[in-house]
Amino acid sequence: MSRQRARRGRAVAAAALAAVVLAGCGSDGYEPAGPFRPQPEGPPPQVGPPTESPQAPAPGDPADPNAGEDGGDPNVVASGLTVPTGLVVLPDGSAVVGERETGRLLQVFPDRSPARELMTVGGIDTTGDGGLLGLALSPTFPEDGLLYAYITTATDNRVVRFPIGGTPNPVLTGIPRGETHNGGGLVFAPDGTLFVGTGDTGNAGLAQDPASLAGKVLHIDVFGQPVGDNPIHSTGHADVTALCMGGEQALYATDDSAKGPDELNAVLEGGDAGWPTPGPNSIRPVVEFPAAEGGPGGCAVAGRTVFLGALDGRRVHTVPLDGSGALADEPTELLTDRYGRLRTVVLDGEGALWITTSNRDGLGTPVEDDDRVLRVLPPGGASNSPL
């Protein structure tokens, strides 16, 4: 199918999608919708470093230079969590991490200070792959203090936004939900618009259905309005668990396939990732991983390198790219079998990777202090060279 025919097809689908999109759009004056539990009255919890917090160590160094075995693992900045999934790094260098099964949000510090519970996002349905699946920081966070989350409710998947301690309000609702392939990727573009990755909910046909939001990468503004004719940016995805952006605004999506290898895809407007059946407009994946090494759950870009968290593979894949964004060399590995199932991967301003484990999700083998949040510096540091 030519690009022109693809655009005509999207235009035909726009009318069918309009009702869904408008129902899920919000504005600053909208009322909360969905089975959300109001948060307690009073001022929101303080978000910031703890009082007299010591200087954060370099990743991989002990919190106390004189610490021996009693100092613990210097890569572990928080432990005892329940399936931490979404994570965002705040301007002060700390992070907010969300627990998939409880909806709790906790502030975690790079110096290994005790994590601080901030709030609980209510109304989450954790059936199957459901729960709190992704977090993104508002592009104007210093001014509005808003977080965006991809969550599962009893009726749908949706994107919501809220200030710390506030009630979640809907941005985009009506995303199909399912027992498997529930999606959950969120990333803001430099222009302040939001990309949303969804799964096919176990119904492969929805990935190519132009009237469904399932199995897609969606493109909306901060109020849930579509960017362009309709919100569908690309189609043919099995399960977009994470999205990340590199230089020149290149967009990448992890795709956890039900059959065949798992993929990292470069996402193009109007592109087709080829699930379940590759078509003439399908794009080739940047790299594929066999199921035993895959289960992608996180994605971060540093210069010409993409870091991918692998649940089944129990490692972080390091994927080198060339100047065109194609695979430059064979991927290498980090942390293989060291911390179990690895999910979210986020890059901070110092070039360190924040990584969450997922050993209490029913598929892993947890140790006493699971689940954990790690902060590590990849070998050689993160490159700042543009893609």
*What orientation do His233 and Phe195 show, parallel under 30°, tilted 30 to 60°, or perpendicular over 60°?*
perpendicular

*Check Thr152, Asp129, Asp200, Asp239 against Asn182 for a side chain to side chain donor-acceptor pair (under 3.5 Å) and give me the one that passes.*
Thr152

*Any sub-3.5 Å donor-acceptor pair from Asp369's side-chain atoms to Gly80's backbone N or O?*
no

*Tell me, do Arg343 and Leu311 make a side-chain contact under 4.5 Å, heavy atoms counted?*
yes

*Counting distance only, does the side-chain N/O of Arg315 pair as donor-acceptor with the main-chain N or O of Ala310 below 3.5 Å?*
no

*Should Trp354 and Val108 be marked as a side chain to side chain contact (heavy atoms under 4.5 Å, CB included) after you check the CA-CA gap, both sets of side-chain angles, and the distance that decides it?*
CA-CA 10 Å; Trp354 293 73; Val108 177; 3.9 Å; yes

*Would you mind reporting whether Gln107 and Asp92 have side-chain heavy atoms less than 4.5 Å apart?*
yes

_Residue pair Asp156 / Ile175, side-chain heavy-atom distance below 4.5 Å_ = no

*Looking at Gly165 and Met119, what are the two nearest heavy atoms and their distance?*
N-SD, 3.2 Å

*Would you check if the side chain of Ser138 reaches a backbone N or O of Thr140 as a donor-acceptor pair within less than 3.5 Å?*
yes

*Roughly how far, to the nearest 0.5 Å, is the OG1 atom of Thr357 from the CG atom of Leu335?*
11.5 Å

*Side-chain contact, heavy-atom cut-off 4.5 Å: Thr356 with Thr85?*
no

*When you measure from the side chain of His219 to the backbone N and O of Ser234, does any donor-acceptor pair fall under 3.5 Å?*
no

*Donor-acceptor contact present, side-chain Glu263 to main-chain Asp255, <3.5 Å*: no

_Any donor-acceptor N/O pair, Arg372 side chain to Val77 backbone, under 3.5 Å_ = no

*Side chain of Asn359, backbone of Tyr339: donor and acceptor closer than 3.5 Å?*
yes

